[in-house]
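Contents: one structure, followed by commentary.
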Amino acid sequence: IVTKPGAKAQLASCETPASEQYARTAHQAALAQEGTRMVSIRLALCDIEYPMGALTVWPATHTPAFHEQAFGSESGNNGGSGGAAMALRETPSVHMDLRAGDALLVDSRLWHADGANTTGGSSSSGLPNHAGPPRSQIVLIATFASPRLFPPPSECTMPPRLIGRFSLLNLEAALTS
């Protein structure tokens with residue numbers, strides 16, 4: 001993922017709910033029912049500081065108790081409004097400034113959001129900007145899950161033609177072919 005100067009912040013979200021009752025898809029329900037989650041590794045390919053849109057995480061928001069607080073009044077809405085927004089406002093967050101080569105493991109139930117990239121001076125977005133040259137944030141993200149609970153292609157951010165094509169066992173050969 002490349003976050004260029006001027007990119008807006010993402011809404012806070014989690015990929016999977018901690019409880020089946022808050023699932024938005026059959027895949028999320030299966031993950032919650034099995035007590036399984038996905039884990040993503042975010043590998044910084046450059047130094048990433050707050051003005052570049054560094055990831056914000058809300059520690060301890062992966063728990064069933066927090067999800068009940070966040071989703072209870074939202075009827076499964078996973079988006080940064082209503083109960084989730086209120087619950088997140090009351091929870092301390094951490095900005096994850098990373099150095100090139102740093103890796104961060106993120107549980108799919110953890111609430112998180114990438115920030116706005118405000119580097120590079122003036123902007124038409126109306127966001128405050130930080131002095132200095134424009135800098136893009138570059139992060140490699142890989143998500144791991146049990147193969148039997150891998151999401152259907154319609155729920156993946158990976159192009160369908162690539163799903164199932166790569167594994168850690170064949171990655172080098174697949175990339176050179």
Approximate separation, where rounding is to 0.5 Å, of [X] [atom1] and [Y] [atom2]:
X	Y	atom1	atom2	value
Cys46	Ile138	SG	CD1	5.0 Å
Leu104	Met96	CG	CE	4.5 Å
Arg109	Thr16	CZ	OG1	7.0 Å
Trp111	Leu11	CH2	CG	9.5 Å
Ser136	Leu45	OG	CG	12.0 Å
Phe71	Cys14	CZ	SG	4.0 Å

>> Which residues pass the salt bridge (Lys or Arg N to Asp or Glu O under 4.0 Å) test with Glu49, not counting sequence neighbours?
In response: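 Scan of Glu49 (salt bridge (Lys or Arg N to Asp or Glu O under 4.0 Å), adjacent residues dropped) gives Arg99, Arg135.
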So, does [X] use its side chain to make a donor-acceptor pair with the main chain of [Y] at under 3.5 Å?
X	Y	result
Glu90	Ala85	no
Thr119	Pro134	no
Glu68	Pro64	no
Gln137	Gly53	yes

> Run the side chain to side chain contact (heavy atoms under 4.5 Å, CB included) check on Asn117 and Lys4 step by step: do they pass?
Replying inline: CA-CA 7 Å; Asn117 186 330; Lys4 295 183 176 184; 5.6 Å; no
Nearest heavy atoms of [X] and [Y], plus distance in Å:
X	Y	answer
His62	Ala18	O-CB, 3.6 Å
Leu88	Ala12	CD1-CB, 3.4 Å
Pro59	Val57	CD-O, 3.4 Å
Thr143	Ser40	OG1-OG, 2.7 Å
Met52	Thr3	O-CG2, 4.2 Å
Ala32	Pro17	CB-O, 4.0 Å

>> The test is side chain to side chain contact (heavy atoms under 4.5 Å, CB included); show your working for Ile41 and Phe144 and say whether it passes.
In response: CA-CA 8 Å; Ile41 184 169; Phe144 300 89; 3.8 Å; yes
>> The criterion is side-chain contact (heavy atoms from CB on, under 4.5 Å); which residues satisfy it with Gln10, sequence neighbours excluded?
In response: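 Partners of Gln10 by the side-chain contact (heavy atoms from CB on, under 4.5 Å) criterion, ordered by chain and then number, come out as Asp114.
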>> Does Glu15 form a side chain to side chain contact (heavy atoms under 4.5 Å, CB included) with His112? I'd like the steps, not just the answer.
In response: CA-CA 9 Å; Glu15 272 58 69; His112 61 280; 2.8 Å; yes
Same cluster for [X] and [Y] if Ile/Leu/Val/Met/Phe/Trp/Tyr side chains link at under 4.5 Å?
X	Y	result
Leu105	Leu43	no
Trp58	Phe66	yes
Ile141	Met38	no

>> Centroid separation under 6.0 Å, is that true for the rings of Tyr22 and His67?
In response: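 Ring centroids of His67 and Tyr22 are no less than 6.0 Å from each other.
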> Would Thr91 and Thr61 satisfy side chain to side chain contact (heavy atoms under 4.5 Å, CB included), going step by step from the backbone distance to the final call?
Replying inline: CA-CA 8 Å; Thr91 305; Thr61 59; 4.0 Å; yes
